[in-house]
Amino acid sequence: MCFSNPDIVAVVSALNSLNIFVSGLRSYLLYCSTLVLSVLAYRLSPFHPLAKYPGPVACKTSKLWLTWITSRGKLHVYLKGLHDEYGSIVRIGPNELSITDAPLVSAIMGPNGMAKGPMWDGRVISPGKGARENLLGMHDLKKHAVLRKVWNRGFLPTSIKGYEPILVRRVAQLTEALSAQNGSVDLSRWLSFFAFDIMGDIAFGGGFELMRDGDTHGLWRQMEAGLYFPALTQHIPWVIPFRPYLPGGKGAQALGKFALGQAKRRLEEGSIHNDLFYYLMDDKRDNAEPYPLRFAVSNAVIAIIAGSDTSATVLSNTCYFLLTHPESYTRLQSEIDQALPLGKEPVEASILSSLPYLNAVIKESMRLYPPVPTTLQRAPTPGSGSKALSESFVIPEGTAVNVPPYALHRDPQYFSPSPDKFMPERWLAAEDDPTSILNEDVFIPFSTGPANCVGKNFAMLEMRMVLAHLLQTFEMRLADGYQKEEYEAELKEFFILQKGRLPTVLTRRQAA
Ligand code: HEM
């Protein structure tokens, strides 16, 4: 075989180009790895502002570790483990602390506390314009306060009174639908459909009919699936610009589209009751321009996301605890039977709020499983330099602080004895053992301070009403063959605690 001169020249020139490329690539990789190693070394060094706080090396070096833990759905359990091991202040990211110290909790989230932290930039549920203009994700303290005033009007006692007849109708629909089922039903799913329908009523004056039609549009399924991605990106908000190209990055787009359709329908037809949309769009704000449509839609969608799965999870968890604690079930049923004998309908809200055991059961369920179990995050306002939480504890700008309700609620310093056990009696002062501990300041299932849950009073009414009706109407038991351990194993945290199945047999009770 022989090569001509031009062939040899071409090969030599190709080799030269390859050499230049390889050495360029080598220099680039060297530059990148030096940069990464320097950043890692700084994060682990004594010069880092958070150097004195303990925590695992994996957390100190990168948020990718917590992203991985979150992907398994058990971030709440992991963070509790870290607090058990390292104490009340733990470094959970290069620039992030998790805090379970009671006096610091109110300094972080109370009236003089901090604004929402950077994780909200990564919690975009339904992409598109307006995604950041809702109450839940608003960083700016002044803008938040203005918008919160509008939302508050939707949840004043008089506004909630207006929602009561709708709630009574939906609860009756739930019990009728459950009565019509044969054998075992997935109670958890029915409670989700109920919560979705009622939030559709409150937000848009109706339009979601999951109890009647099932999840035919896949809205509930997509909303639950849509929470997975923001649960990961909340730790690494810098990936948000790449979101459309990432698997699962489309989010709850169907919910957003459906909501826009409902909003347009709602605007054309009006509503027979004052729904949240009324307060967001039609309400006369003090000499201000009305909000644009996409703003109202974005906020109303947030009501559905923040208000449906949260209440449904508490309801399902509470049923699970009652079904696995027969003495609590019997005690609650007899309290309800005395206050609301079978056949007496509708159940009155004022009576429900005065039932001590019913309220203790709901609180105890939310203590053990707060639906937002880990990620109440706050941070110093950009440009402020720092925020002093106490004389000796200053948070430098650029640091986020996380308060994890799940770890707080199971801390024996604050709830004792047996903080991991379901014991509603701990909330009943008259029956309380004087040696027991119950610190209500750190009982924060609805958060605390100016950004606490705006829907709290409505959610409490809803949960009391559903539970009272279920226990008044049915005898309930877990389905044969269902292993109760499955329930807690299936509880996964993706931003909100998501539940699995709760196979239950419901038998209609007869009036005595
Ligand atoms: C058991 C039911 C519920 C629980 C446990 C719950 C829990 C929470 C928590 C923990 C927060 C605070 C997040 C933070 O501090 O960063 C929050 C905020 C919020 N919740 Fe709820 N929630 C529930 C039901 C509802 C309902 C029914 C609505 C109705 C619309 C709602 C709407 C909101 C909104 C709009 C915010 C943002 C408040 C603000 O930033 O000012 N939630 N919720």
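For reference, positions follow the sequence shown, starting with 1. Atoms within a ligand are numbered from 1 in the order they appear, just like the ligands themselves.
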Identify the closest protein heavy atom to [atom]: which residue and atom is it, and at what distance?
{"atom": "atom 33 (C) of ligand 1", "result": "A306 CB, 3.7 Å"}
{"atom": "atom 18 (C) of ligand 1", "result": "C453 CA, 3.6 Å"}
{"atom": "atom 30 (C) of ligand 1", "result": "F155 CZ, 3.5 Å"}
{"atom": "atom 34 (C) of ligand 1", "result": "V454 CG1, 3.6 Å"}
{"atom": "atom 10 (C) of ligand 1", "result": "P445 O, 3.3 Å"}
{"atom": "atom 16 (O) of ligand 1", "result": "R378 NH1, 3.2 Å"}
{"atom": "atom 12 (C) of ligand 1", "result": "S447 CB, 3.5 Å"}
{"atom": "atom 24 (C) of ligand 1", "result": "T310 OG1, 3.5 Å"}

> So, R501 and E486, do they make that salt bridge, N to O below 4.0 Å?
Replying inline: yes

State whether [Y] and [X] meet the cation-pi test: NZ (Lys) or CZ (Arg) under 6.0 Å from the six-membered ring centroid, and within 45° of the perpendicular axis.
{"X": "R331", "Y": "Y357", "value": "yes"}
{"X": "R426", "Y": "F415", "value": "no"}
{"X": "R367", "Y": "F321", "value": "no"}

Counting each atom of ligand 1 from 1 as listed, which ones have a heavy atom of [X] under 4.0 Å away?
{"X": "N452", "answer": "38 (C), 39 (C), 41 (O)"}
{"X": "L376", "answer": "10 (C), 13 (C), 14 (C), 15 (O), 16 (O)"}
{"X": "L136", "answer": "18 (C), 19 (C), 36 (C), 37 (C)"}
{"X": "A459", "answer": "2 (C), 24 (C)"}
{"X": "R148", "answer": "38 (C), 39 (C), 41 (O)"}
{"X": "M199", "answer": "29 (C), 30 (C)"}
{"X": "V314", "answer": "1 (C)"}

Report yes or no: does a heavy atom of [X] sit under 4.0 Å from some atom of ligand 1?
{"X": "W120", "answer": "yes"}
{"X": "Q377", "answer": "no"}
{"X": "M138", "answer": "no"}

[X] contact mode with ligand 1 (heavy-atom cut-off under 4.0 Å):
{"X": "L135", "value": "both"}
{"X": "M460", "value": "neither"}
{"X": "H144", "value": "side chain"}
{"X": "K116", "value": "side chain"}
{"X": "M463", "value": "side chain"}

> Hey, what do you get for CD1 (I336) to CG (L471), rounding to the nearest 0.5 Å?
Replying inline: 5.0 Å

> So how far is it from T67 OG1 to Q234 CD, rounded to the nearest 0.5 Å?
Replying inline: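 Atom-to-atom, T67:OG1 and Q234:CD are 8.5 Å apart.
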
> Taking the minimum heavy-atom distance to atom 27 (C) of ligand 1, which of G307, G117, P371 ranks first?
Replying inline: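 That would be G307.
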
>> Are H409 and V442 packed together at the side-chain level, in the sense that at least one heavy-atom pair is separated by less than 4.5 angstrom?
In response: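 A side-chain contact under 4.5 Å is absent here.
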
>> Are the side chains of H144 and K116 in contact, using a 4.5 Å heavy-atom criterion?
In response: yes

>> Under a 3.5 Å distance rule, please check whether D197 uses its side chain to pair with a backbone N or O of M211 as donor and acceptor.
In response: yes

Looking just at side-chain N and O atoms, do [X] and [Y] make a donor-acceptor pair shorter than 3.5 Å?
{"X": "Q377", "Y": "W120", "result": "no"}
{"X": "S316", "Y": "Y487", "result": "yes"}
{"X": "E493", "Y": "T374", "result": "yes"}
{"X": "Y320", "Y": "E488", "result": "yes"}
{"X": "S88", "Y": "H83", "result": "no"}

